[in-house]
K.L.:
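Take this structure, written in structure tokens, and hold onto it; I'll ask about it next.
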Protein chains: 2
Amino acid sequence: MAASLNIPIDRSSPIPLYHQVVQGIEAMIRSGTLEPGSRLENEIELAAQLNLSRPTMRKAMDELVRAGLLVRKRGVGTQVVASQVRRHLELSSLFDDLSRGGKQPTTKVLAFRHGPAERDIAETLQLPPDVGVYHFTRLRSVGEKPLALMENWVRDDVAELTEEGLRQSGMYQILRDAGVNFRLANQRIGATVADEYQAELLETAPGSALVTMERTAVDDTGRNVETGRHVYRADSYSFEMTLVQR
Amino acid sequence: MAASLNIPIDRSSPIPLYHQVVQGIEAMIRSGTLEPGSRLENEIELAAQLNLSRPTMRKAMDELVRAGLLVRKRGVGTQVVASQVRRHLELSSLFDDLSRGGKQPTTKVLAFRHGPAERDIAETLQLPPDVGVYHFTRLRSVGEKPLALMENWVRDDVAELTEEGLRQSGMYQILRDAGVNFRLANQRIGATVADEYQAELLETAPGSALVTMERTAVDDTGRNVETGRHVYRADSYSFEMTLVQR
DNA sequence: TTAGTGCGTATGTGTGGACAAACTGTTGAC
DNA sequence: GTCAACAGTTTGTCCACACATACGCACTAA
């Protein structure tokens, strides 16, 4: 038996119709109203039920297929994916992640400098000659437990950063508030073992495992705004993601 | 000056028109014909140049925006992203990755078993009661250099696996050849340090850093086909990806 | 000089229709 | 009884059109 949708569509809302449908179906899947593995009515029928055109309905379903929540097969139909799906790895900061998880992250600024960039950083960020960088190192903890040691470089023509500001909130939040719209980031995840310096700060033993992450973030004007090198205690942090076949 | 496109469109090809455009633009960007940061003509004009409708043109550009190669701004136009963009982290095996990189991966099967699943594995794979698993451990090397130690479980109702087959090619290749269409995978990346067993096999020192990866893969019918726990030498392997803000 | 207004331009959203291609189950021939 | 051809269903692709909305710039008025 194919499942119908019962989603309120508000045509006066500023939220696009297809996105209202996306939110509605996602809510039904995550709440269990649409069971894993169940089959949906065909596109034409669903569009008619919600008084939408088929292209609009399809656009909504396209997004859900990309997100990995639905699976389509020509000549057969559309199904809800059986396994639970995490949200796609997002372009967010550790601070936001922890905050959303109900944790209380605290930040200690270990070093803070503002000036011209070293050559390798200037190259990584593709900096014009007259643009400098903020360079700072932070220790991020949850409760009393240190979690991450983070070194970052931010070009100084996108926002004004202060040591005080970095203590108060996440770097990404500050940059977003300053009008930076992040678009994408190149990221590399690896592993290393703690040296004495890292071990002392992270309150772990030298030689214990650390997750390493290097990231360079790009804004909507195509500038490389920020690059950083982070290490995380492996016993407290790992990267989870859902990969979707295209 | 806004850039035009010069892409051959073959309307008799089985490849959809919008995908031909995607391939064409991507090729122009990667070859440098379209320079990073350069602006494209507007959608209407580009569609006209290629004798396509605007929706088709937009669908192509949508994909490139999602892939992080283009950036659009309403009222302004479409630009090529300045920084170089890696391909999105794909649902592929280490074997494929190495082969594409021109390497010659070799595989040693350390253990191979076929039978009923342990309870935690049965739960992870959501196995029906009468389905068993293949359980095997492999050592993957490039040249003489060991790179990864991989333990996997595969449900036995999707394909027939043999020790010999696993020596010859990658697990994903075997499963694909057997008609399994992978759709998505949940994956977790972390770090650990090598114990004596791992160190000996990977020809490194106990206590050296290893990248860990756990993955469960889902096929297009929604079944959890495979799960595995891998460790990689951190000095030889890391995970690279491009995150795209949506 | 400067702040605000308006207009042109480009992308964003939504509709309707047409035909193609793939999969499934059934029918019919041998 | 087996297998191939066929028809029905459903998603995939493509087009033409209309209107909404955001951005940037030039012009205007205080």
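Scope of the values below: all heavy atoms of this structure, side chains included, with no hydrogens, waters or symmetry mates.
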K.L.:
So, do Pro36(A) and Val81(A) sit near enough that their side-chain heavy atoms are less than 4.5 Å apart?
P.N.:
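No, every pair of side-chain atoms sits at 4.5 Å or beyond.
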K.L.:
Calculate the interatomic distance between Glu45(A) atom CD and dG8(D) atom P; express it in whole Å.
P.N.:
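My rounded result for the distance is 20 Å.
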K.L.:
Verify the distance criterion only: is there a donor paired with an acceptor across the side chains of Arg167(B) and Thr107(B) at less than 3.5 Å?
P.N.:
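There is no such pair (donor and acceptor under 3.5 Å, judged by atom type) between the side chains of Arg167(B) and Thr107(B).
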K.L.:
Establish, from distance only, whether the side-chain atoms of His135(A) and Glu151(A) form a donor-acceptor pair under 3.5 Å.
P.N.:
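Side chains of His135(A) and Glu151(A): pair found under 3.5 Å.
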K.L.:
Tell me, please, which residues at least two apart from Asp62(B) pass salt bridge (Lys or Arg N to Asp or Glu O under 4.0 Å).
P.N.:
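Result, salt bridge (Lys or Arg N to Asp or Glu O under 4.0 Å) vs Asp62(B): Arg72(B).
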K.L.:
Using a 4.0 Å cut-off on protein heavy atoms (strictly under), produce a 5'-to-3' string for nucleotides 5-10 of chain C with B for base contact, S for backbone-only sugar-phosphate contact, and - for none.
P.N.:
----BB
K.L.:
To the nearest Å, give me how far apart CD1 (Ile15(B)) and C1' (dA21(C)) are.
P.N.:
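About 16 Å, once rounded to whole Å.
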K.L.:
Check the side chains of Glu226(B) and Asn152(B) for a donor-acceptor pair under 3.5 angstrom, ignoring hydrogens and angles.
P.N.:
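Side chains of Asn152(B) and Glu226(B): pair found under 3.5 Å.
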K.L.:
Quick check: closest heavy atoms across Ser238(A) and Arg188(B), and the distance to 0.1 Å?
P.N.:
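Closest pair (atom of Ser238(A), atom of Arg188(B), distance): OG-NH1, 3.2 Å.
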K.L.:
Show the nearest heavy-atom pair for residues Ala185(B) and Arg215(B), with the distance to one decimal.
P.N.:
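Shortest heavy-atom contact: CB-CD, 3.8 Å.
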K.L.:
For Tyr134(A) and Phe112(A), take the angle between the two ring planes, folded into 0 to 90°, and tell me which bin it lands in: parallel under 30, tilted 30 to 60, perpendicular over 60.
P.N.:
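It falls in the tilted class, 30° to 60°.
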K.L.:
Tell me: CG of Asp10(B) to C1' of dT13(D), nearest whole Å?
P.N.:
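The answer, rounded to whole Å, is 15 Å.
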K.L.:
Whole-Å distance between dG17(C) P and Ile44(A) CD1?
P.N.:
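In whole Å, dG17(C) P lies 11 Å from Ile44(A) CD1.
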K.L.:
Would you kindly give the CG-to-C1' distance between Leu40(A) and dT11(D), to the nearest whole Å?
P.N.:
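Computing the Leu40(A):CG to dT11(D):C1' distance gives 13 Å.
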K.L.:
Would you please confirm or rule out a distance under 4.0 Å between OP1 or OP2 of dG14(C) and any side-chain N or O of Tyr18(A)?
P.N.:
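For dG14(C), neither OP1 nor OP2 has a side-chain N or O of Tyr18(A) closer than 4.0 Å.
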K.L.:
Output the residues of residues 48-62 of chain A in contact with DNA chain D, where contact means a heavy atom of the residue under 4.0 Å from an atom of the strand; sort by number or write none.
P.N.:
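DNA chain D contact set from residues 48-62 of chain A: Arg54(A), Arg58(A).
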